[in-house]
Amino acid sequence: MTSSLIRGRPRRATSHISVRVVHALLGVLIGVLWLVLPGMTTEHRVPAADGRAQAAVAQDEEGSSAADLVLPLVAVGAAVVVAGYAYVRRTRRARTRTTPGGVPAPVAAAPPLAELDEQARLLLVAADDSVRTSREELGFVEARFGESAVVSTVLALRGAEAELRAAFRMRQQYDDGVPEEASARQHALAGIVGRCEEAGRRLDEAAAGVDQLRGLEQGAGEALGLAETRFRALTGRTQAVEALLADLTARYGPAAVAEVTGYVEQAKDRLVFATLRLNQARQAGDLAAHDRAALHLRAAEGAIAQAAVFLHGVERLGTELSGAAALVPAALTGAEAEIARAQRSSAAQVPVGELRARILHADNVLAFVRDEVASGAPYDPLDALRRIVRAVAPLAAEPTAGVLGAAAALAGRAAVAGADDFVATHRGAVGATARTRLAEAARLLGEDPVAADALAVESRDLAEQDVRVHGNPVAGAAEHESGGAGAVLGGILLDDGAAASFGGPRGRGRRAQSSSSLPTDV
């Protein structure tokens, strides 16, 4: 607002100066005429002799009277000119006004807070989807051409990720009530919108280079072969991961593997979709329909990437559960030492009653965990570590140090990774709040793993709720048999049927226009 007003001042000043100049020139002209005309009437007089003297005098008087009439006429004409000029200026100003009565037009009002809030949420989701999709496609590009060929693209992706992290950080603060003033909150939302748009712009600028490097529109043969190789490797891993999940369930109980239950089936679903799209890509390539082949290939690559996430999620959880089980005894010992230290410490900082309540709660939690471990029955070691850390953290002098710090870090990393996998493979339904909590959890992981763990658990709960509310994105048995429903839920296919690809939200349109060539029965 201020800048537009400042930019307008020089133009108004210039117009005032021009008016003054015109007025001054007119005044000078009138003055000159007033002084010169009388001289002009007497300068050419000559003496008259005798009989012609009276006639000359008469003629001189007539000339003087005529000259006397010229001056008023000139003055009236000048006044008319000035009045006309002023009238024209007022008319032009009146025509340019947007409000009647000479009141300056108000500056366009900012959108309502609720509308800006919704826009920020939508852009956060779109930017996060774009970053995730770009990261997935870049993995295929790098595997084919090597790291040196994608240096500039990686830098663009890192820049977009940085902008997105800043946007999520601002959103988390906004959700926490910071800032409090309405105008400041509006500025915060505008900042989020700007960060998201900048992230998309960076990706869009790098997208042309990715397209040129891949050259899919000229032929997808080599890229198609790479995707098929990855597809076969994942298909071979599926059975082994399925056996691993069954073993983890028997060893640690269903509750310990609840977050990855169904992941093998979803991986198979993505691979079914990838099978169909790989076949269509190869058929289109044989017909030299390279545009269609590229679209099918990108859809297949997205499905392959998500199938890998599902399978790796089960394998990663197995490693985390094994590490947690080995750490539980040491965590119990460290927690007991912290409780003993708290009992010996002065109660100057914490009221005696509150300190006793915390100690009693921690003792009860440790006793319950000891019973679980000693019983020999399956139990969830990650959850046991989480409960130990949360119970003792209010008593510990340094919650992030020693064995308790290691336990908190392990639980926090597991929670963040699990939530991130879920958002990545269900991003077609997950909203901005779950993603914001996940981003904040990832940010806090290195400095406060206890808080990061809590935020990651909240993020996972919110994301699962979003998926339940979203429901089935695609109706019909054919879509489920072909894996199309899972592809939409995973954000592999966009609303217009095009395959998601490297680039920002605005750049998706460059390939969406070609999506009409895709079959509609998939």
Side-chain angles (χ1 to χ4, degrees), residues 169 172-180 253 255-256 258-259 320 323-377 379-416 418-419 433-434 436-438 440-462 465:
R169 177 60 183 147
Q172 181 64 46
Q173 292 176 328
Y174 183 90
D175 291 344
D176 290 338
V178 179
E180 297 181 355
E259 69 175 42
E320 292 166 348
L327 191 56
V328 166
L332 285 171
T333 302
E336 291 168 354
E338 287 294 337
I339 292 175
R341 186 202 57 79
Q343 289 173 332
R344 294 191 303 269
S345 66
S346 171
Q349 297 180 350
V350 181
V352 176
E354 183 177 349
L355 179 62
R356 289 176 179 174
R358 291 179 182 180
I359 292 174
L360 179 60
H361 172 69
D363 277 333
N364 290 336
V365 170
L366 297 185
F368 191 81
V369 172
R370 288 193 207 95
D371 291 342
E372 281 185 336
V373 174
S375 67
Y379 76 99
D380 183 354
L382 272 173
D383 182 64
L385 285 182
R386 183 173 289 114
R387 284 179 287 156
I388 293 171
V389 169
R390 290 183 179 180
V392 181
L395 301 171
E398 297 182 33
T400 60
V403 66
L404 290 179
L410 177 57
R413 286 195 304 269
V416 170
T433 304
T436 301
R437 301 297 178 271
L438 174 59
E440 184 68 5
R443 188 186 72 84
L444 290 175
L445 193 56
E447 58 185 75
D448 189 352
V450 179
D453 176 67
L455 282 169
V457 171
E458 180 185 358
S459 170
R460 177 65 181 261
D461 292 341
L462 290 170
Q465 180 180 343

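This one's a predicted model, so the numbers in the text were calculated from it and none came from an experiment.
Of all non-hydrogen atoms in A384 and V328, the two that sit nearest each other are CB-CG2, 4.3 Å. Shown here for A255 and D380, the closest heavy-atom pair between the two residues is O-OD2, 4.1 Å. When every heavy atom of V392 is checked against every heavy atom of A335, the shortest pair comes out as CG2-CB, 3.5 Å. Closest non-hydrogen pair, G418 versus R460, comes out as O-NH1, 3.4 Å. Taking both residues in full, the closest heavy atoms of A362 and L395 are given as CB-CD1, 4.0 Å, listed atom of the first, atom of the second, then distance.
Side-chain contact between E440 and R443 is present, with at least one heavy-atom pair separated by less than 4.5 Å.
Here A434 pairs with V430, S459, L462, A463, D466 under the side-chain contact (heavy atoms from CB on, under 4.5 Å) rule; sequence neighbours left out.
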N/O donor to acceptor pairs below 3.5 angstrom from side-chain atoms of residues 449-458, sequence neighbours left out:
from	atom 1	to	atom 2	distance (Å)
D453	OD1	R386	NE	2.9
D453	OD1	R386	NH2	3.0
D453	OD2	R386	NE	2.8
D453	OD2	R390	NH2	2.9

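R370 CZ to I388 CD1: the interatomic distance, rounded to the nearest 0.5 Å, is 9.0 Å. Taken from CZ in R387 to CG in D383, the straight-line distance is 4.5 Å, to the nearest 0.5 Å. In this structure, D363 CG and E336 CD are separated by 8.5 Å, a value rounded to the nearest 0.5 Å. The structure places CD1 of I359 at 12.0 Å from CG of N364, a figure rounded to the nearest 0.5 Å. Atom CG of L385 and atom CG of L404 lie 9.5 Å apart (nearest 0.5 Å).
Side-chain atoms of D176 and Q172 form a donor-acceptor pair, as typed in the model, at a separation below 3.5 Å.
Salt bridge annotation for E338-R341: present, with a cationic side-chain nitrogen under 4.0 angstrom from a carboxylate oxygen.
No more than 12 heavy atoms of other residues, nucleotides or ligands shown are found within 6.0 angstrom of CZ on R356. By the 6.0 Å contact criterion, CD on E180 is open, its count of non-hydrogen atoms from other residues, nucleotides or ligands being 12 or less.
Screening residues 399-415 for salt bridge (Lys or Arg N to Asp or Glu O under 4.0 Å), with sequence neighbours left out, gives no hits.
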- Query: Can you list the steps and then say if L332 with V369 is a side-chain contact (heavy atoms from CB on, under 4.5 Å)?
  - Reply: CA-CA 8 Å; L332 285 171; V369 172; 3.9 Å; yes
- Task: In sequence, state the C-alpha distance, the side-chain angles, and the governing distance for L410 and L382, and then conclude on side-chain contact (heavy atoms from CB on, under 4.5 Å).
- Result: CA-CA 8 Å; L410 177 57; L382 272 173; 4.3 Å; yes
